[in-house]
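Accompanying notes for the structure given below.
Since the structure is predicted, the reported quantities are computational estimates derived from the model, not experimental observations.
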Amino acid sequence: MLMALVRQKAISRQYHTWFDWDKGNASRFFSLFGQEFKEYMEKQIQLDDLLGPSISSFLEIGRTRNVLVHVNYAVTVIEKTPKEIYALYLSALKFVEIIPTELRNVSKMG
């Protein structure tokens, strides 16, 4: 029941508010889990040369999606080739996949 509540009220209706799509960082998202997690992830970004670009790729995909959905997608021109978009996707996977692990890491610390 709790998962149904989270899906309906926190995910499906609020996902767009989790990120500041135009800032190029995930600070807003990290802060949703508390200051400790935000600071921890900021350190992880400094330590991992691929994590920052992965976050940027994720946000770029999100921005592109937002433009397509909220602007007239029939006339919107996407400046990237399918190959470039796929490369963004592959890069963004690191960010998406690392979150559960890092949440567990911080939970164990506190």
Seminar exercise, completed: Here the pair of heavy atoms bringing Ala92 nearest to Ser57 is N-CB, 3.9 Å
Exercise. Taking the side chain from Thr76 and the backbone from Leu68, do they hold a donor-acceptor pair closer than 3.5 Å?
Worked result: no
Problem set entry | Residues which pass side chain to side chain contact (heavy atoms under 4.5 Å, CB included) with Gln14, listed by chain and number, not counting sequence neighbours | Thr17, Trp18
Exercise. Once you round to the nearest 0.5 Å, how far does CE of Met41 lie from CG of Leu103?
Worked result: 8.0 Å
For this session: Only counting residues at least two apart or in another chain, list the ones meeting salt bridge (charged side-chain N to carboxylate O under 4.0 Å, His left out) with Lys43.
Result: none
For this session: Could you pull out all residues at least two apart from Gln8 that satisfy side chain to side chain donor-acceptor pair (under 3.5 Å)?
Result: none
Exercise. When clusters are formed from ILVMFWY side-chain contacts under 4.5 Å, directly or step by step, what else is grouped with Val71?
Worked result: Val67
Problem set entry | Those residues that, when tested against Ser31, pass side chain to side chain donor-acceptor pair (under 3.5 Å) (two or more places apart) | none
Exercise. Between CD of Gln35 and CZ of Phe30, what distance do you get to the nearest 0.5 Å?
Worked result: 12.5 Å
For this session: Please round to the nearest 0.5 Å and tell me the distance separating atom CD of Gln44 and atom CD1 of Ile55.
Result: 10.5 Å
Exercise. Which atoms form the tightest heavy-atom contact between Ala26 and Phe95, and what is the distance?
Worked result: CB-CZ, 4.1 Å
Problem set entry | Those residues that, when tested against Ser56, pass side chain to side chain donor-acceptor pair (under 3.5 Å) (two or more places apart) | none
Exercise. Which residues pass the salt bridge (charged side-chain N to carboxylate O under 4.0 Å, His left out) test with Glu39, sequence neighbours left out?
Worked result: none
For this session: Could you note down all residue pairs passing salt bridge (charged side-chain N to carboxylate O under 4.0 Å, His left out) where residues 77-94 supplies at least one of them, sequence neighbours left out?
Result: Asp48-Lys94, Glu60-Lys80
Exercise. Transitive ILVMFWY cluster of Leu90 at side-chain heavy atoms under 4.5 Å: who else is in it?
Worked result: Ile61, Tyr86, Leu88, Tyr89, Leu93
Problem set entry | Ile45 side, atom CD1; Leu50 side, atom CG - distance, nearest 0.5 Å | 12.5 Å
Exercise. So which pairs with a foot in residues 95-107 pass salt bridge (charged side-chain N to carboxylate O under 4.0 Å, His left out), sequence neighbours left out?
Worked result: none
For this session: Could you grab the distance from atom CH2 of Trp21 to atom CZ of Arg28, nearest 0.5 Å is fine?
Result: 10.0 Å
Exercise. Hey, quick one: are Met109 and Leu32 part of the same hydrophobic cluster, counting side-chain heavy atoms closer than 4.5 Å, chains of contacts allowed?
Worked result: yes
Exercise. By ring pair (Phe, Tyr, Trp, His ring centres under 6.0 Å), which residues pair with Tyr40, not counting sequence neighbours?
Worked result: none
Exercise. Are Tyr15 and Ile99 connected, step by step, through hydrophobic side chains (Ile, Leu, Val, Met, Phe, Trp, Tyr) whose heavy atoms are closer than 4.5 Å?
Worked result: yes
Problem set entry | Cluster overlap Val6 with Phe29, hydrophobic side-chain contacts below 4.5 Å | yes
Problem set entry | Partner set under side chain to side chain contact (heavy atoms under 4.5 Å, CB included) for Leu5, not counting sequence neighbours | Leu2, Lys9
Exercise. Does the pair Asn25 and Asp20 meet the rule for a side-chain contact (heavy atoms from CB on, under 4.5 Å), with working shown?
Worked result: CA-CA 7 Å; Asn25 65 55; Asp20 191 346; 5.7 Å; no
Problem set entry | Donor-acceptor under 3.5 Å (Ser91 side chain, Ala87 main chain) | no
